Colleague: 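Dumping the structure here so I can ask a few things about it.
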Amino acid sequence: GCKKRQSARPRIALVMKSLANEFFKTMEDGARAHHKQHAGQYDLIAVGIKDELDVAQQIKLVEQMVAQGAGAIVIAPADSKALVPACKRAMDAGVVVINIDNKFDEAVLADKQVSIPFVGPDNRKGARLAGEHLAGKLKAGDEVAIIEGAPNTFNGIQRKLGFEDAMKAAGANIVSSQSGYWEMARANQVVSAILTEHLNLKALLCANDSMALGAVAATKAAGKSDAILIVGFDNISAVQELLKEGGILCTVDQHADKLAVYGIEYALEMLAKEGAPADKETPVDLITAETL
Amino acid sequence: MATTENERRATSIERRRLPSMPAFVADYLGMALALAVLLVIFGLAAGNFFTLTNFRTIANQVSDTTIVAVGMTFVLIIAGIDLSVGSVMALAGAVLGTCMVRFGLPLPIAIAACLAAGIVCGLANGLVVTRWRLPPFIVTLGMLEIARGAAHLVTDSQTKYIGSAVGVIAGRGLLIPFIVAVIIVILGQLVLSRTVFGRYIVAVGTNEEAVRLSGIDPRPIKLGVFVLCGFLTAIAAVISTARMEAADPNAGAGLELRAIAAVVIGGTSLMGGRGSVVSSFFGVLIIAVLEAGLSQMGVGEPTKRVITGCVIIAAVILDQYRHRIRKTPKP
Amino acid sequence: MATTENERRATSIERRRLPSMPAFVADYLGMALALAVLLVIFGLAAGNFFTLTNFRTIANQVSDTTIVAVGMTFVLIIAGIDLSVGSVMALAGAVLGTCMVRFGLPLPIAIAACLAAGIVCGLANGLVVTRWRLPPFIVTLGMLEIARGAAHLVTDSQTKYIGSAVGVIAGRGLLIPFIVAVIIVILGQLVLSRTVFGRYIVAVGTNEEAVRLSGIDPRPIKLGVFVLCGFLTAIAAVISTARMEAADPNAGAGLELRAIAAVVIGGTSLMGGRGSVVSSFFGVLIIAVLEAGLSQMGVGEPTKRVITGCVIIAAVILDQYRHRIRKTPKP
Amino acid sequence: MEAGSTETILTARGISKSFPGVQALSGVDFDLRAGEVHALVGENGAGKSTLACIIAGVAKQDTGQMELGGQPYSPASRADAEARGVRMVMQELHLIANLTVAENIFIEKLPNRFGIVDYGKLNGAAIQIMEQVGLADIDPATAVSSLGIGQQQMVEIAAGLSRQCRILALDEPTASLTDKEIELLFYQIKRLKADRVGIIYISHRIEEVMHIADRVTVLRDGRLISARPTHRLTSNGIINMMVGRDLEQVQLRHAGEVGPVALSVQGLNLGDKVRDVSFEVHRGEILGVAGLMGSGRTETMRAIFGADRADSGSVYLSGDTQAAQITSPRDAVRSGIAFLTEDRKGQGLLLPMAIRKNISLMRLDDVSRFGWMDESRERSVADRQAEALSIRCSSTEQSAAELSGGNQQKVVIAKWLYRDCDVLIFDEPTKGIDVGAKFEIYNQLGKLAEKGKAIIFVSSDLKELMAVCDRIMVMSAGTVAGIFDRDRWSRQKIMAAALSGSVADSV
Ligand SMILES: Nc1ncnc2c1ncn2[C@@H]1O[C@H](COP(=O)(O)OP(=O)(O)OP(=O)(O)O)[C@@H](O)[C@H]1O
Ligand SMILES: Nc1ncnc2c1ncn2[C@@H]1O[C@H](COP(=O)(O)OP(=O)(O)OP(=O)(O)O)[C@@H](O)[C@H]1O
Ligand SMILES: [Mg+2]
Ligand SMILES: [Mg+2]
């Protein structure tokens with residue numbers, strides 16, 4: 001922060017969700033790498049919150065970044081509704097806001113009469129990809145369960161919908177759908193309970209990889225690792241090994257490292273020319289043992 | 001001789017009353033100094049720290065924690081603790097949001113319902129604590145779970161977006177939340193040090209048995225403190241909901257520990273009997289400035305946590321020395 | 001006359017020694033009963049509850065909480081509290097994971113490093129608490145932040161997947177974690193009630209000043225308890241890492257409150273001086289069975305939290321009555 | 001003295017009360033007339049406090065009836081009793097440390113306007129009350145926590161006096177007071193008598209009772225032994241009724257062989273409480289320490305024991321040329337110094353724990369093997385100690401909290417005797433202890449001295465010091481005002497020394 005006040009260089013604030021989550025950590029690293037290459041073009045402040053649920057803290061961060069004189073805020077909102085007013089205020093203060101990762105709620109945006117461009121992947125599509133890959137290994141009527149993310153997050157809901165789309169298309173039977181609140185230990189507990197209750201379960205679709213890890217441990221403990229297929233999401237480093245071993249069937253890569261970069265580039269673009277904002281979709285890829 | 005005696009005593013009392021002002025100042029001087037040091041450090045280290053917007057931002061951000069910390073100060077003084085404030089804040093906010101969004105009730109009625117929710121939670125805490133003489137720690141731990149669950153049930157686990165219908169309270173640019181918080185701090189300090197209720201609170205925290213043996217029932221006093229804490233938490237919920245224009249069932253997670261940390265940094269004893277509302281306010285400010293400064297400097301979250309933890313411990317160590325210097329040394 | 005006095009005393013001691021066995025059983029009977037009631041309810045309400053796999057699953061799941069609860073029991077008996085156990089568990093696990101994955105160290109060395117991390121955290125807590133006589137609540141609250149930050153720094157915020165290299169410890173099907181936990185419970189209870197150290201712990205928790213004025217330095221005792229708690233937390237970290245085959249820097253969030261709830265449900269006093277390790281174990285089992293049963297019944301998370309909260313409060317109310325019946329009312 | 005008052009304001013008939021294992025009171029009758037001082041005497045555990053507590057609504061009797069002014073009287077709580085004009089100053093201090101003196105005195109009814117305390121009025125009223133009990137020098141706005149224990153006792157009494165009442169029970173009000181304060185207290189009692197207040201006065205100091213009481217009721221083991229006007233009693237007669245047997249006359253200890261110096265204190269300083277204190281005590285000697293309340297005796301002993309860190313000064317043990325390094329009680333005990341605190345409940349005992357565990361605490365190595373407790377050995381050790389001091393308990397498994405004050409004190413002594421130190425400092429060991437037990441303790445002191453132990457005996461009761469000590473050191477305002485040998489002292493000389501430095505200056 002010592003090289004400050006070169007008004008020519010805009011400050012771009014990257015406000016992420018929980019840096020306790022590897023996904024955002026990767027995002028941050030990607031952004032920092034990009035910044036290193038383009039150090040002359042902008043200053044970067046990357047911040048995140050303690051845990052995914054701490055919406056108030058993230059609002060504080062947005063406000064602080066405005067106070068800090070950021071020219072643009074690239075935000076991965078922890079809550080798709082509650083962050084809108086804060087972002088609107090930032091925009092009113094002349095800050096460019098780019099939404100990445102977790103899309104703002106349309107209705108709220110409409111109510112606030114703002115439009116914030118979204119740069120990010122289609123989570124529903126990603127989840128459907130993973131689900132379809134899984135479906136290839138299932139028969140119609142097979143029992144499956146979904147481990148959802150936190151119920152108030154947009155991407156959590158999208159992933160759940162994507163899984164459901166694929167499972168319905170394949171004719172699988174979703175016997176249980178419970179939230180693991182994105183956490184490994186919580187998911188482990190929930191999965192254990194589901195395994196006890198549903199003895200014929202064939203597959204578990206987890207809305208992120210942390211929960212998939214918890215699910216893997218639970219199936220191992222129950223002695224069912226061979227019988228149950230597990231699907232994750234996010235492609236964190238910890239699952240690479242498991243993908244190779246077959247402990248996890250597949251996961252989805254949304255290119256976290258690129259996500260922030262797309263957002264930052266978009267922000268720079270908008271700062272340069274005050275163009276009408278449009279959404280921009282980033283790629284999602286299915287990762288399996290073969291693609292590694 | 002009696003007259004000279006009395007005169008002497010009268011003057012000595014006068015003398016006492018006057019130098020109490022510096023003592024009063026000394027009480028807060030340490031905290032103010034710590035705050036000033038932080039401000040200077042961040043002023044030098046982070047660009048744009050010394051700006052009006054930044055202070056305005058911090059001021060509005062601390063308002064809900066401040067109000068909760070006032071309630072927590074009272075609870076700690078009676079040697080209690082309230083771990084449920086975070087959940088109760090979420091529940092009260094959830095009630096507010098649901099009243100407005102789902103039932104379309106007008107703001108004043110929704111606020112009344114929100115405050116009622118806070119009071120009911122405080123009442124439940126207080127009744128269980130006093131009726132069965134249970135440790136507040138465990139009772140409010142139970143309430144932490146109950147209120148959080150209730151908040152999710154009320155909102156169906158969905159953030160309720162309310163919009164400017166409630167946002168008006170936060171009155172942009174006017175610092176209304178901060179002003180409300182400051183007024184509550186001042187009122188709280190007056191209640192504590194100048195009213196019969198306040199003195200009874202200190203008395204109950206110091207020696208509950210002695211209070212009971214003096215023919216004063218400590219239970220209504222304790223009950224009152226828990227209700228007050230619930231009520232203030234609900235006010236904090238109104239303010240935070242207004243600031244976000246949305247009610248989030250996950251709001252206030254971890255708020256209890258943050259509020260307790262702030263209150264203790266302010267020098268209030270966890271053993272009860274000793275505390276000051278104004279000092280708690282300083283405690284809140286110190287933590288808030290620290291967090292704001294660190295995030296503006298772009299310090300990573302893990303490092304931030306390590307620093308915050310160290311500052312909490314350092315603050316209570318300093319407080320310890322402050323007390324030792326003021327009292328005669330008792331090892 | 002003196003002889004009759006003595007005879008009376010002698011017989012009364014005899015009388016006391018015999019009925020102490022039933023008293024011992026009565027201590028645990030209430031808890032065992034509560035557990036049995038829960039089991040029956042879930043056996044009827046949830047299918048597949050009474051299966052070997054289910055009990056095996058629950059048994060392995062409770063092992064880490066149980067071990068932490070043993071440490072927490074000791075801490076509560078000296079009238080302390082340790083809010084940092086969740087974070088310390090994450091840090092110790094993170095050290096284990098990083099040693100194996102990043103530095104490729106063999107399991108025994110990694111485990112040694114992990115245990116060392118837990119001991120260092122406990123030592124830090126204990127030293128700060130005893131050196132400056134600070135309330136353990138606030139010191140361990142600071143450590144909660146520090147250890148969590150450190151866990152993220154150590155792992156670079158990445159979950160470390162270790163695989164069966166560590167999984168062997170959990171020994172599928174063999175219930176090793178559960179057996180370790182039970183052994184620790186038994187050892188813990190023996191240390192508490194049969195050793196000099198245990199006697200000192202209870203004495204310090206009862207009246208620290210009286211212990212000090214008896215020429216016994218209470219500080220090494222308190223320090224020892226915090227170190228023990230850190231050490232047991234690290235053992236829990238080894239076991240939970242082995243179960244998950246992965247080290248997660250976010251592990252153990254909220255563990256401190258869960259462990260405290262379990263210990264208090266078991267009847268250990270938050271005021272210090274009174275507690276039992278075996279009862280804490282029952283407390284852990286009650287909460288675990290409750291949670292497992294409710295999730296098997298498909299009860300939603302919010303409702304689960306409400307029920308858990310109510311059970312926590314109900315348990316301590318019952319404990320209160322149990323104590324009142326055993327003691328006669330005091331004026 | 002008779003005051004001609006025959007109007008009985010309180011009668012109690014057949015009061016019984018039992019605690020687990022103890023029949024505290026059995027079928028006791030008691031009555032109190034307006035304007036009389038009715039003393040309750042008896043050994044420790046005789047049931048005096050229990051009876052007073054029942055009258056004041058603090059405890060509830062199992063059987064028996066009471067009448068107050070002709071009306072049936074059965075208070076549900078202390079507040080209830082106070083509403084009917086019955087008040088009590090309890091044996092234990094019940095002040096609120098963090099409130100001011102004035103707030104404590106008027107805690108029940110803080111003068112206020114719309115809930116806001118009127119401090120002018122409060123402090124003004126407090127000054128008046130405090131003047132009456134000789135606390136004129138204390139600012140009513142100071143926190144009680146900064147007062148000495150004797151001053152706190154006076155504040156407690158002041159609080160009792162501040163309220164209008166028909167009956168006032170004083171449970172051992174003089175236990176930690178010195179003659180000067182006792183005089184003030186008696187003056188107040190006489191004033192109340194003139195206002196026709198009935199006073200129940202509990203004390204172990206027989207001469208006090210002879211002086212102030214109109215009637216004396218003697219309790220023994222919870223039974224009524226006698227209730228007679230004072231002028232028909234003698235001190236010895238009362239003592240005989242209390243203990244149920246004749247006590248030999250106060251036996252002056254014969255000064256035995258005094259050995260070499262066991263402990264020497266040189267130039268000890270601690271704030272303004274202890275100023276340049278030097279003295280020595282020999283093996284086989286009992287050194288008495290006298291002084292007024294607040295003269296710094298407790299502080300001096302705490303500093304020697306390492307409980308508080310002295311600013312300067314040194315302590316030499318048994319002729320050592322090197323000063324002992326005592327920075328904590330642990331060091332002191334290791335050097336063979338024992339210290340029995342004056343506050344036995346707060347600092348001496350582990351109240352909820354068994355007597356056995358209290359006694360063995362300091363020598364657990366003696367009742368354990370390789371760190372594991374040997375409980376049967378511990379039990380036999382505890383039983384032996386309890387017997388040696390005739391601690392009255394149902395067994396050593398009973399918790400210390402359930403004992404009467406005197407027996408609790410005996411547990412503390414038992415614990416220190418078991419530790420077996422060479423230098424023993426007793427701070428007010430006979431405070432609130434009955435005559436029988438007092439003599440037992442004097443005997444113990446004598447025996448210990450014979451065994452060659454050095455004993456420092458701090459007491460506010462000059463008579464007992466003069467009866468058992470070889471020398472008496474008098475402290476005044478934190479300094480040593482004089483050390484008197486057995487054949488050179490007199491009550492007058494000692495009092496003069498105690499009053500030599502103004503205590504008020506040090507407050
Ligand atoms: N709360 C209690 N629980 C159990 N036993 C009690 C309790 N209070 C008093 N006792 C017992 O009742 C008996 C009478 O006690 P009490 O305090 O009335 O004696 P006392 O005459 O006031 O003695 P002291 O002179 O030591 O104060 C004692 O044997 C005591 O052990
Ligand atoms: N806990 C305390 N905090 C502050 N000051 C104290 C405390 N205890 C005692 N003092 C002060 O120390 C001085 C001496 O104490 P103390 O009254 O105990 O002396 P003492 O000579 O042992 O008298 P006694 O034991 O007869 O009351 C008093 O003036 C008192 O105000
Ligand atoms: Mg008594
Ligand atoms: Mg003293």
Side-chain angles (χ1 to χ4, degrees), chain A residues 1-5 11 13-16 18-20 24-25 28 43-70 78-86 88-89 92-93 105 107-109 111-112 150-153 157 179 181, chain B residues 42 44-49 51-58 60-62 64-65 89-90 152 155-164 166-167 170 172 240-255 258 288 291-302 304-305 308:
Chain A
C2 287
K3 36 184 189 328
K4 58 187 169 190
R5 308 257 156 83
R11 285 169 164 242
L14 175 60
V15 179
M16 285 159 294
S18 169
L19 290 185
F24 293 100
K25 183 81 183 131
E28 184 187 1
D43 282 343
L44 176 71
I45 316 170
V47 289
I49 51 181
K50 250 187 247 179
D51 70 76
E52 312 253 333
L53 304 177
D54 202 351
V55 177
Q57 178 68 20
Q58 203 181 29
I59 291 176
K60 280 187 194 176
L61 289 177
V62 171
E63 289 171 351
Q64 270 159 22
M65 291 308 126
V66 176
Q68 267 284 70
D79 186 294
S80 44
K81 295 172 188 164
L83 262 298
V84 177
K88 163 113 169 46
R89 263 173 271 149
D92 291 346
D105 191 273
V108 177
L109 287 175
D111 180 82
K112 279 273 140 190
N152 61 332
T153 51
I157 296 166
S179 176
Y181 290 84
Chain B
F42 290 124
L44 294 176
N48 298 348
F49 190 82
T51 58
L52 193 63
T53 359
N54 193 29
F55 287 120
R56 180 139 62 197
T57 309
I58 294 178
N60 267 338
Q61 280 170 358
V62 297
D64 39 7
T65 316
M89 185 163 116
H152 277 273
T155 55
D156 211 9
S157 291
Q158 307 261 312
T159 303
K160 296 281 175 202
Y161 174 74
I162 307 172
S164 42
V166 68
R172 310 283 153 231
S240 99
T241 310
R243 264 189 341 109
M244 297 202 224
E245 303 191 359
D248 170 13
N250 291 316
L255 175 65
R258 248 176 301 135
E291 293 206 330
L294 289 175
S295 48
Q296 280 183 36
M297 282 170 66
V299 171
E301 183 65 22
K304 224 161 93 183
R305 292 191 80 156
T308 310

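This is a predicted model, so every value here is computed, not measured. Convention: sequence-line order gives letters A, B, ...; per-chain numbering from 1. These numbers come from the heavy atoms of this one structure, side chains and all, not from hydrogens, waters or symmetry mates.
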Colleague: Let me know if A/V47 has heavy atoms under 4.5 Å from chain B in its side chain, its backbone, both or neither.
Modeller: side chain

Colleague: Using a distance-only test with no angle check, is there a side-chain donor-acceptor pair under 3.5 angstrom linking B/Y161 and A/D111?
Modeller: yes

Colleague: Give a yes or no on whether the backbone of A/I49 and the side-chain of A/Q57 come within a donor-acceptor separation of less than 3.5 Å.
Modeller: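 Side chain of A/Q57 to backbone of A/I49, a donor-acceptor pair under 3.5 Å: no, none is there.
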
Colleague: Under 4.5 Å, counting heavy-atom pairs only, tell me which of A/G69, A/A13, A/A82 racks up the most with chain B.
Modeller: A/A82

Colleague: Considering only heavy atoms and a distance below 4.5 Å, find which of A/K60, A/Q64, A/Q68 pairs most often with chain B.
Modeller: A/Q68

Colleague: Sequence neighbours left out, what passes side chain to side chain contact (heavy atoms under 4.5 Å, CB included) with B/T155? Give chain and number order.
Modeller: B/A94, B/T98, B/K160, B/P249

Colleague: Does A/Q58 reach the main-chain N or O of A/M16 with its side chain, forming a donor-acceptor pair under 3.5 Å?
Modeller: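 The answer is yes, because a donor-acceptor pair under 3.5 Å joins these two groups.
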
Colleague: Who among B/A292, B/S240, B/G254, B/G252 has the most heavy-atom pairs with chain A under 4.5 Å?
Modeller: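 Of the options given, most contacts go to B/A292.
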
